[in-house]
Amino acid sequence: MARPEFDIVVIGGGAGGLVVAAGGATLGAKVAVVEKHKLGGDCLWYGCVPSKTLIKSAHVAHAMRHADRWAIPPVDPKVDLAAVMERVDGVIRGIEPNDSPERFRGLGVDVIFGAGRFVGPDAFEVNGRRLTAKTFVLSTGSRQAMLPIPGLAEAGALTNESIFHLREDVPHLIVIGGGPIGSEMAQAFRRLGSEVTVVDMAPRILPREDADLAAVVQRSMVDDGVRFHFEASIVKVEGARGALAMTIRAKDGRETRIAGTHVLVAAGRKANIEDLGLEAAGVQVEKNRIVSDAKLRTTNPRVFVVGDVAGGYQFTHVAEHHAGVVLRQAIFKLFWTKPSTVIPWCTYTDPELARVGLSEDEAKAQGGPHKVYRFAFEEIDRARAEGETEGFAKLVADPKGRILGVAIVGPHAGELIAESVLAISKGMKAGDISAAIHTYPTLASINRRVADQKQKEGLTPTSKAWIKRIFGLQGA
Ligand SMILES: Cc1cc2nc3c(=O)[nH]c(=O)nc-3n(C[C@H](O)[C@H](O)[C@H](O)COP(=O)(O)OP(=O)(O)OC[C@H]3O[C@@H](n4cnc5c(N)ncnc54)[C@H](O)[C@@H]3O)c2cc1C
């Protein structure tokens, strides 16, 4: 049998695919990337980078309006959305060279633009060229599904792919979905001056998180002036961008008409699995999901999946982690390598909500013995100095103190969760975090203070009496 032309062919040059390509080429593999649009994927062009850049401008506008919290005269800034979006574009352009075809070609990667398809279990055809490889990596990502709501598409509904291209004013944005993307965008647009209404079928935002944590974010959004319609189904959308109306139906059947100017669809992502010739490759698909094992191998042992298209947690850091797992298997043949199950994430609202490991609800549902500890940012000196005391940390531990999960809702929660990621990955106990010196005054000390709650539990009146007796103490 002829030797395959490539060691690895990557299909989809986004967050996951590019890590496979760069890592593979650096280790000496002959690699090709097939990309149908532009390198960088959702994260760079339509996801993490633009959303977090927009959120920063929203945060500044909000701080200006509420500057009296820091004893500075407040001002109501006149936000020019077009200028903010130009800044978003500038940040993307600044990062783009890291993901550019020139950079990858410089690493020795064959970058091929086009949409191809498998023509057999070991061959992928693009632009009339047949690529053979020892390993194929499917990293085609996901996209916003257009919901089958009458009039939605005709109304020029926005998705994450179009919203950052807006240059016009957005007087009233109606957001479909109160998940992470919907909540981040709703709050950001509100703070940038739009009226914002969120419509969701669920009874609250961020349904994957414990209700007490999500409530802190929801309260903040209500304070900002975001309006919510929960447990609502959407009947229809009428009109077009600029002047439209959405009719929603509440649980009791009552219909309400919401007038707005723009609609953002932020509910329901769909894996990009169409037109790839998966059948020809022997890659099985079930319920619109590529079938893969715990090591990310599809039903064709030559073909792996990484990132959003793998159908699990849809985050850039997960796609990048998958890439490492697949590289270890493809190059070093370490077929026992599996993705980590310790996966953190963060919703970048204000306050942020970050989590790793089990939530309180999940721990309850699993039924194992566990206890929950909380510590409020109000008690953290740095949070007081910053004027950011909303929120708390929650730690779930087993009876021996082994940490099962940590969630933080509060300032910079996305940064603060990193310590717990390491702790849970290494099977640490709350006592390990308690024993570690944390810089004062930092927000990060909330990690120690919440872990201390577990340690303090051991100090019962009986144990205190014994300590006093043994060491001859005289206090109360
Ligand atoms: C608004 C928004 C905000 C987000 N914020 C965050 C965040 O803050 N943090 C976070 O971790 N994650 C965030 N995400 C999720 C993150 O963007 C994705 O999880 C990540 O991009 C997935 O990487 P990937 O490699 O699987 O796919 P992508 O990075 O999307 O790459 C897929 C690539 O495949 C290409 N492609 C598709 N089909 C084909 C085909 N048939 N042939 C060839 N190429 C193809 C695409 O053009 C694309 O370049 C956000 C997503 C959105 C939408």
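Just so you know, ligand 1 is whichever comes first in the structure, and atom 1 is the first atom listed for that ligand. Because the structure is a prediction, the values reported are computed rather than measured. Quick note: residue numbers are just sequence positions, from 1.
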In sequence, state the C-alpha distance, the side-chain angles, and the governing distance for Asn447 and Glu419, and then conclude on side-chain hydrogen bond (donor to acceptor under 3.5 Å, both in side chains). CA-CA 8 Å; Asn447 289 324; Glu419 184 172 356; 2.9 Å; yes
May I ask you to say whether Asp110 pairs ionically with Lys30, meaning some side-chain N is under 4.0 Å from a carboxylate O?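 Salt bridge between Asp110 and Lys30, a charged N being under 4.0 Å from a carboxylate O: no.
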Is there a heavy atom of Lys38 sitting under 4.0 angstrom from any atom of ligand 1?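 Judged by the 4.0 Å heavy-atom criterion, Lys38 does count as contacting ligand 1.
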Can you find an N/O atom of [X] closer than 3.5 Å to an N/O atom of ligand 1?
X: Asp308; value: yes
X: Gly16; value: yes
X: His317; value: yes
X: Thr316; value: yes
X: Gly307; value: no
X: Ser142; value: no
X: Lys52; value: yes
X: Glu35; value: yes
X: Glu274; value: no

Please check this pair: side chain of Glu35 against backbone of His37, looking for a donor-acceptor N/O pair closer than 3.5 Å.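 Checked: pair present.
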Atom 39 (C) of ligand 1: which protein heavy atom is closest, and how many Å away?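 Result for atom 39 (C) of ligand 1: Thr140 CG2, 3.5 Å.
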Note the single closest protein heavy atom to atom 29 (O) of ligand 1, along with its residue, its atom name and the distance in Å.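 Scanning the protein heavy atoms, the shortest distance from atom 29 (O) of ligand 1 goes to Ala15 N, 3.0 Å.
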Decide yes or no on side-chain hydrogen bond (donor to acceptor under 3.5 Å, both in side chains) for Ser142 and Asp308, but give the supporting numbers first. CA-CA 6 Å; Ser142 65; Asp308 284 9; 2.8 Å; yes
Identify every side-chain donor-acceptor pair in residues 10-23 under 3.5 Å, counting partners at least two apart or on other chains, and give the distances.
none

Pick whichever of Ala266, Gly47, Gly13 has a heavy atom sitting closest to atom 3 (C) of ligand 1.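 It is Gly47 that holds the nearest heavy atom.
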Minimum side-chain heavy-atom gap Arg269-Asp42 below 4.5 Å: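 In short, these two side chains touch, coming nearer than 4.5 Å.
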Think Lys295 forms a cation-pi with Trp336, using NZ or CZ under 6.0 Å from the six-ring centre and within 45 degrees of its axis?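 Cation-pi check for Lys295 and Trp336: fails.
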